[in-house]
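See structure below.
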4 protein chains.
Amino acid sequence: MSNTLIRVTVWGENIHDQRDEEVRKVYPKTMHGTIADGIQEHLGSNVEVRTASLDQPEHGLTDEILDSTDVLTWWGHAGHHLVKDAVVEKVHKRVLSGMGLIVLHSGHWSKIFVKLMGTTCALRWRDDDRETIFTVNPGHPIARNIPPVFTIPLQEMYGEYFDIPQPDELVFLSTFKGGEVFRSGCCFIRGQGRIFYFSPGHETYPVYHQVEVKQVIANGVEWAYSPPKERYATSTCVQSPLGWMEKDTEK
Amino acid sequence: MSNTLIRVTVWGENIHDQRDEEVRKVYPKTMHGTIADGIQEHLGSNVEVRTASLDQPEHGLTDEILDSTDVLTWWGHAGHHLVKDAVVEKVHKRVLSGMGLIVLHSGHWSKIFVKLMGTTCALRWRDDDRETIFTVNPGHPIARNIPPVFTIPLQEMYGEYFDIPQPDELVFLSTFKGGEVFRSGCCFIRGQGRIFYFSPGHETYPVYHQVEVKQVIANGVEWAYSPPKERYATSTCVQSPLGWMEKDTEK
Amino acid sequence: MSNTLIRVTVWGENIHDQRDEEVRKVYPKTMHGTIADGIQEHLGSNVEVRTASLDQPEHGLTDEILDSTDVLTWWGHAGHHLVKDAVVEKVHKRVLSGMGLIVLHSGHWSKIFVKLMGTTCALRWRDDDRETIFTVNPGHPIARNIPPVFTIPLQEMYGEYFDIPQPDELVFLSTFKGGEVFRSGCCFIRGQGRIFYFSPGHETYPVYHQVEVKQVIANGVEWAYSPPKERYATSTCVQSPLGWMEKDTEK
Amino acid sequence: MSNTLIRVTVWGENIHDQRDEEVRKVYPKTMHGTIADGIQEHLGSNVEVRTASLDQPEHGLTDEILDSTDVLTWWGHAGHHLVKDAVVEKVHKRVLSGMGLIVLHSGHWSKIFVKLMGTTCALRWRDDDRETIFTVNPGHPIARNIPPVFTIPLQEMYGEYFDIPQPDELVFLSTFKGGEVFRSGCCFIRGQGRIFYFSPGHETYPVYHQVEVKQVIANGVEWAYSPPKERYATSTCVQSPLGWMEKDTEK
């Protein structure tokens with residue numbers, strides 16, 4: 001536990017960040033740059049953080065990069081449809097083999113999240129609201145150093161019904177001005193992969209500058225991490241004649 | 001399935017119902033009487049409903065009554081400490097052996113619910129609020145004929161953190177005027193028993209007269225039901241010499 | 001509950017059933033025909049059962065058929081890759097909208113199951129074994145009238161690691177001669193759809209003639225059923241201006 | 001994460017260890033002594049390990065000891081009934097407030113485990129068997145460095161039905177010579193407490209000397225740990241007038 005170095009790749013769509021003046025003001029270093037800084041700030045020498053984005057070759061997610069990524073974070077919105085299926089396949093395979101995945105905000109609608117969930121991942125939404133976040137699993141590692149309740153002053157509303165499988169662990173619930181509710185912090189285990197969906201974060205609000213949000217994402221990175229030597233793919237059906245077990249445990 | 005007769009016992013503490021003028025006005029037939037009527041109304045000839053209360057011998061829960069009860073509903077508040085431990089033990093044993101249990105509102109703090117959960121079951125509360133209820137598991141039998149969202153105009157606030165085990169199935173979430181959130185419809189399986197906790201319902205508000213609330217409780221009764229012939233106790237550790245299985249399946 | 005008519009479509013690949021002499025001997029009425037008979041036998045006038053197969057137009061799953069199907073059962077093996085993606089999409093959408101789905105044996109590797117799970121659904125296997133099935137959730141509706149343990153004398157071995165999400169409810173566990181273990185009865189909720197995976201059943205063994213297996217499948221059909229009027233799709237993200245709730249509940 | 005020191009108290013009943021010649025031969029340093037050594041060996045300078053036993057004042061679990069314990073492990077068998085209720089209450093309160101708990105083998109029948117589960121925790125058993133353990137959640141921290149399958153050559157059989165709530169996370173399944181199956185590695189979250197039940201380990205077999213078993217227990221200790229500063233009790237219902245949230249977050 002003590003000598004772990006977590007290699008994090010922060011993926012950002014980088015569309016609003018380049019195109020929209022308003023977004024550039026809120027996130028002069030881009031959203032993914034800001035998210036990367038927050039992780040670095042909270043986890044220090046325990047992490048090595050880099051960014052990747054849609055406009056790079058293979059969206060910045062080459063085999064080399066993926067093979068040296070322990071945890072991938074994902075923010076997308078305007079360009080979900082521009083992400084190549086081949087890249088989604090590669091990321092999907094890595095997640096099932098043990099790469100952690102943190103899906104942020106509008107990433108609920110990304111190809112990779114929808115594929116992992118098997119449901120539509122649709123939800124309700126409205127601009128211009130305020131989010132109040134409650135911890136409903138106070139012993140969970142992702143809730144560490146997070147108060148029982150905190151507020152994000154400016155935030156988009158995301159509301160139920162959120163069409164996801166029941167989370168393996170529900171960590172946070174959120175409410176909004178209109179009385180809406182949302183399962184805003186959800187853990188899923190898929191294969192060997194550990195997936196955390198966290199809904200706060202919108203391109204026109206300074207959500208990723210807020211200390212509690214940065215803490216939650218950093219906690220999520222630690223929770224989602226699996227040691228690389230432990231990872232093995234399980235993508236085929238293995239015929240196993242009597243005696244396979246003895247051979248297997250001899251190794 | 002079609003010939004099922006569900007025998008329901010609606011248990012009420014019957015303290016506020018007798019003592020408080022305000023409560024008598026809202027529930028002239030008592031709260032348990034009103035809850036019983038609602039179940040009868042929704043399930044018709046599929047149920048046989050009776051009531052029992054704290055002031056009766058053995059709190060109205062004699063062996064004879066319990067042995068002919070398929071689903072027990074529980075409302076208590078002022079007199080949790082007056083419920084005898086011996087009765088709690090008997091109910092606990094029955095639930096684990098397959099009797100369904102519907103725990104309502106302040107029943108979260110009852111001896112039987114706390115014993116089944118293993119946690120404190122503590123929560124936040126405030127009088128004089130409004131509850132908005134969202135279905136977050138729309139394919140669940142308890143959500144049948146319930147709209148995606150509905151409101152209870154006058155209701156006490158119950159808020160997180162609610163100290164329960166993560167529900168086996170989360171069906172409803174509620175929000176309140178102060179922005180609070182609550183896991184208001186929770187299913188738990190314990191032994192062979194099916195337990196549904198539903199938080200709406202307060203002695204001074206006409207909650208149990210509201211059609212959606214009656215529908216949810218009736219749905220809960222159907223969900224919690226197990227056929228009596230299926231029930232068997234599992235309270236001892238059974239030594240099982242090689243060959244037990246063959247004997248067991250010969251029966 | 002009492003007047004429910006469940007419309008079941010039993011889907012079979014119908015390849016081994018036509019091609020292999022050995023299979024024709026064990027299942028002279030085809031596997032899907034035998035499964036359909038078992039459901040009819042156990043649920044009587046509560047069900048209306050028909051079959052559909054790969055070789056029919058649209059694999060027998062036209063809009064008309066799907067729109068009048070409450071629960072679909074799925075057995076496939078040699079021809080998973082022959083199932084058209086467009087049909088898989090239609091079935092997927094129906095399941096998320098509330099059509100029940102029972103996936104049998106080698107159906108774990110079908111396009112529809114893999115898509116709903118989001119994982120590889122890979123497993124270990126070996127011919128020529130014996131399966132012993134244990135109920136680990138004795139209060140579950142699918143365990144009704146099923147003994148605590150029963151044996152299938154001739155059966156293929158399916159063993160862990162089975163790459164599925166943790167089931168929402170685990171009902172059965174199986175063991176085999178080689179000491180293997182398998183999560184053989186698994187419930188999943190996806191959207192409004194209720195999905196039951198049950199691993200027993202192989203084309204060259206008379207598994208679907210065994211009374212306990214027929215009972216489990218019939219129980220699964222009842223468990224997976226949702227009333228059609230309750231079904232609504234949730235495939236889009238709905239913008240919801242303040243006030244949407246009042247309008248919605250006015251309906 | 002890197003500077004964590006986990007303070008572990010290994011509790012042993014210390015009855016067989018003193019009384020039975022056969023047990024003294026297998027565990028010359030007592031069972032709890034051996035378990036403590038295994039934890040120390042695997043976690044090194046990240047842990048501080050001590051032991052406590054039934055025969056000590058307050059069973060070795062004084063307030064001072066409990067207040068400086070991050071994770072408690074529990075092995076009992078012959079003397080469950082000798083554990084004082086007052087000590088059980090104190091341990092229960094600490095677990096709900098965030099102290100981790102590892103329950104081993106026959107500890108399934110201890111007062112503290114039964115109280116936390118709310119069920120009978122009964123099971124089947126037989127002496128003189130062999131246990132084969134399968135990982136069914138390969139991405140789980142408790143499965144780290146554990147092979148997909150391993151065998152304990154001499155072990156008691158523990159079999160289903162095991163009367164526990166469905167685990168929040170199921171990590172291991174076991175099979176035995178007689179074809180039995182058991183949920184042998186189960187995680188439960190209760191309040192802020194993280195509880196891991198692991199069934200291998202019997203007084204007359206050298207199970208706690210086996211490297212995989214020691215590794216699992218060490219992994220369990222790391223998984224069950226919560227930082228002490230995070231722990232807070234939640235044993236009362238808190239009246240929360242409008243505005244409580246603002247005050248709470250001002251802190």
Side-chain angles (χ1 to χ4, degrees), chain B residues 92-93 95-97 106 108-109 112-129 156-169 176-181 187-193 195 232-246 248, chain D residues 92-93 95-97 106 108-109 112-129 156-169 176-181 187-193 195 232-246 248:
Chain B
H92 184 252
K93 192 178 165 182
V95 171
L96 298 185
S97 301
S106 42
H108 76 90
W109 205 233
I112 182 62
F113 188 62
V114 170
K115 184 176 176 68
L116 281 161
M117 296 296 103
T119 54
T120 69
C121 304
L123 48 72
R124 291 183 178 282
W125 64 278
R126 178 177 61 243
D127 278 329
D128 190 23
D129 212 287
E156 206 179 18
M157 181 280 285
Y158 271 18
E160 298 283 348
Y161 172 64
F162 182 22
D163 187 26
I164 49 168
Q166 176 158 300
D168 291 303
E169 298 177 302
F176 299 86
K177 285 187 197 167
E180 291 89 355
V181 70
C187 296
F188 303 92
I189 310 294
R190 292 297 182 270
Q192 293 176 83
I195 302 156
Y232 52 94
T234 53
S235 56
T236 51
C237 288
V238 184
Q239 190 173 4
S240 305
L242 281 172
W244 69 268
M245 239 183 260
E246 290 68 22
D248 212 63
Chain D
H92 184 252
K93 192 177 166 183
V95 171
L96 298 185
S97 302
S106 42
H108 77 90
W109 206 233
I112 181 62
F113 189 62
V114 170
K115 185 176 175 70
L116 281 161
M117 295 296 103
T119 54
T120 69
C121 303
L123 48 73
R124 289 183 180 282
W125 64 278
R126 179 178 61 242
D127 279 329
D128 191 24
D129 213 289
E156 208 179 17
M157 182 278 287
Y158 270 18
E160 299 284 345
Y161 172 63
F162 183 23
D163 188 26
I164 49 168
Q166 176 158 299
D168 290 304
E169 297 177 303
F176 300 85
K177 284 187 197 167
E180 291 90 355
V181 69
C187 297
F188 303 92
I189 310 295
R190 291 298 182 270
Q192 294 175 84
I195 302 157
Y232 52 95
T234 54
S235 56
T236 51
C237 288
V238 183
Q239 189 172 5
S240 306
L242 281 172
W244 68 268
M245 237 183 265
E246 289 69 22
D248 212 63

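Protein chains get the first letters and strands the later ones, always in sequence-line order, with residue 1 at the start of each. Everything numeric in this text was worked out from a predicted model, so none of it was measured.
- Nearest heavy atom pair, residue B/Cys237 against residue D/Trp125, reads O-NE1, 3.9 Å.
- The choice from B/Ser240, B/Gly179, B/Pro165 that makes the most heavy-atom pairs within less than 4.5 Å of chain D is B/Ser240.
- Taken to the nearest 0.5 Å, the CZ atom of D/Arg126 stands 4.0 Å off from the CG atom of B/Leu242.
- Residues D/Ala122 and B/Thr236 come closest through the heavy atom pair CB-O, 3.4 Å.
- Here the CD atom belonging to B/Gln239 is positioned 7.0 Å from the CG atom belonging to D/Asp127, to the nearest 0.5 angstrom.
- Nearest heavy atoms, B/Met245 versus D/Gly178: CE-O, 3.2 Å.
- Summarising the geometry of D/Gln166 relative to B/Asp168, their closest heavy-atom pair is CB-OD1, 3.9 Å, with the distance given to 0.1 Å.
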(request) Apply side-chain contact (heavy atoms from CB on, under 4.5 Å) to the pair D/Trp244 and B/Glu180, showing each step before the final yes or no. (result) CA-CA 10 Å; D/Trp244 68 268; B/Glu180 291 89 355; 2.7 Å; yes
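- Note on B/Val114, B/Val95, B/Leu116, B/Asp128: by heavy-atom pairs under 4.5 Å with chain D, the leading option is B/Leu116.
- The closest donor-acceptor contact from the side chain of D/Arg190 to the backbone of B/Thr119 lies at 3.5 Å or more, if one exists at all.
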